[in-house]
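See structure below.
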Number of protein chains: 2
Amino acid sequence: MAPHKNTSPAGRHRDVRPQPTAANGGEPDGEVCRQVLRILALIGDKWSILVIGQLRDQTLRFSELHRAVTGISQRMLTLTLRQLERDGLLTRTVHPSVPPRVDYTLTPLGTTLLDSVVALGEWATTHRQEINNNRRRYDATHPSRTQH
Amino acid sequence: MAPHKNTSPAGRHRDVRPQPTAANGGEPDGEVCRQVLRILALIGDKWSILVIGQLRDQTLRFSELHRAVTGISQRMLTLTLRQLERDGLLTRTVHPSVPPRVDYTLTPLGTTLLDSVVALGEWATTHRQEINNNRRRYDATHPSRTQH
DNA sequence: CGGTATCCAGCCTGATACTG
DNA sequence: CAGTATCAGGCTGGATACCG
């Protein structure tokens with residue numbers, strides 16, 4: 001996202017290319033993982049999922065999304081929508097009226113993605129407590145850095 | 001990741017709290033989405049998935065992971081492993097020998113997560129070409145900013 | 001081998017101000 | 001209403017050096 005371009009630092013999981021370590025046969029990492037990384041590059045940012053989630057079963061206009069997605073700035077909403085539109089996950093429809101009106105709707109592709117993502121959400125729901133317990137135990141067991 | 005602490009900027013999808021817009025009933029965003037965000041906070045960073053993927057069906061020591069995960073720095077490998085260990089996704093076993101030897105293995109929890117994530121990977125594999133086409137079309141159709 | 005501690009470049013995001 | 005443009009600050013992660 002953001003004024004496009006990404007060379008390395010702070011760029012999360014973008015730049016997903018073969019990159020065969022040196023001159024080996026290739027596939028030093030799992031192929032599956034690289035595929036997953038591709039998705040994270042699509043919707044692994046701070047807002048995409050929230051936006052897609054809002055459009056799950058309804059069409060919304062810009063201002064409605066702005067209100068629905070808690071805390072998003074106008075700028076990030078625009079950037080996020082453009083990215084999702086580019087990838088074909090949603091469509092942008094401009095109604096030539098005054099004042100202007102722009103509707104956003106999930107495409108079939110976007111819908112299938114959301115469905116897949118929801119599966120992950122279920123994993124989270126199921127194991128949320130377990131993870132919290134693990135963390136508490138770890139922080140208690142490892143006197144080291146408890147974040148001063 | 002990184003020297004812990006996160007207040008807002010550049011912090012991707014961390015800080016997932018209720019945050020009810022103002023004084024409304026709550027749940028302005030979908031509940032499912034917030035759950036998904038929680039997972040992204042776990043493994044949505046640049047390296048976690050790669051590391052977990054490597055441990056899919058084997059135990060590896062630090063240096064082996066370092067070699068297996070293309071491009072990761074020693075620092076980030078350590079940080080990533082600590083985080084995953086804290087969440088209980090993998091275990092760290094120190095063998096008191098000289099030279100030292102530390103083994104990393106996926107826990108059952110980590111394995112189930114990987115399985116869920118792999119499902120997403122399949123979505124990516126299936127729709128990869130479609131997305132690439134969408135992008136090409138978009139970039140061709142929208143003369144606007146083709147990234148100067 | 002397996003880390004830990006610093007330094008710091010540069011991307012990402014929120015805030016703000018301004019158009020059609 | 002729906003964006004776009006600009007700016008500043010903070011977080012992220014690579015590089016480097018050192019330790020048990």
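Chain letters run A, B, ... following the sequence lines, proteins first, then strands; residues in each count from 1.
- Side chain of Met76(B), nearest nucleotide from dG3(C), dG14(D), dT13(C): dG14(D).
- A donor-acceptor pair under 3.5 Å is formed between the side chain of Thr107(B) and the backbone N or O of Gly88(B).
- Of the candidate nucleotides dT13(C), dG14(D), dG2(C), dG14(D) has the atom lying nearest to any side-chain atom of Lys46(B).
- Rounding to whole angstrom units, NE2 of residue His66(B) and P of dC1(C) are separated by 10 Å.
- Distance, Arg82(B) CZ to dG3(C) C1': 7 Å, rounded to whole Å.
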>> Evaluate Leu113(A) against Leu106(A) for side chain to side chain contact (heavy atoms under 4.5 Å, CB included), listing each step before the verdict.
In response: CA-CA 10 Å; Leu113(A) 174 57; Leu106(A) 231 49; over 6 Å; no
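- Between Trp47(B) and dT12(D), a side-chain N or O to OP1/OP2 separation shorter than 4.0 Å is absent.
- Side-chain N or O atoms of Ser48(A) include none that pairs as donor or acceptor with a backbone N or O of Gly44(A) at under 3.5 Å.
- A straight line from CG of Leu79(B) to P of dA5(C) spans 11 Å, rounded to a whole angstrom.
- Here the side chain of Arg75(B) is nearest to one of dA15(D), dG2(C), dA2(D), namely dA15(D).
- Of the candidate nucleotides dG14(D), dC1(D), dG14(C), dC1(D) has the atom nearest to the side chain of Pro100(A).
- Across the protein-nucleic acid pair, Leu81(B) atom CG and dC1(C) atom P stand 16 Å apart, rounded to whole Å.
- In the set dG3(D), dG20(C), dG2(C), the nucleotide with an atom closest to the side chain of Arg92(B) is dG2(C).
- Straight-line distance from the CD atom of Gln74(A) to the P atom of dC7(D): 19 Å, rounded to whole Å.
- Atom NE2 in His95(B) sits about 10 Å away from atom P in dG2(C), given to the nearest Å.
- Atom pair Leu77(B):CG and dA15(D):P shows a separation of 14 Å (rounding to whole Å applied).
- Relative orientation of the Tyr138(A) and His142(A) rings is parallel, given thresholds of 30° and 60° on the angle between their planes.
- Residue contacts shown for Ser63(B) are limited to sugar-phosphate atoms, with no base heavy atom under 4.0 Å away.
- The distance between atom CG of Asp103(B) and atom C1' of dC1(C), rounded to the nearest whole Å, is 12 Å.
- Asp103(A) pairs in a side chain to side chain donor-acceptor pair (under 3.5 Å) with only one of the listed residues (Arg61(A), His95(A), Arg92(A)), which is His95(A).
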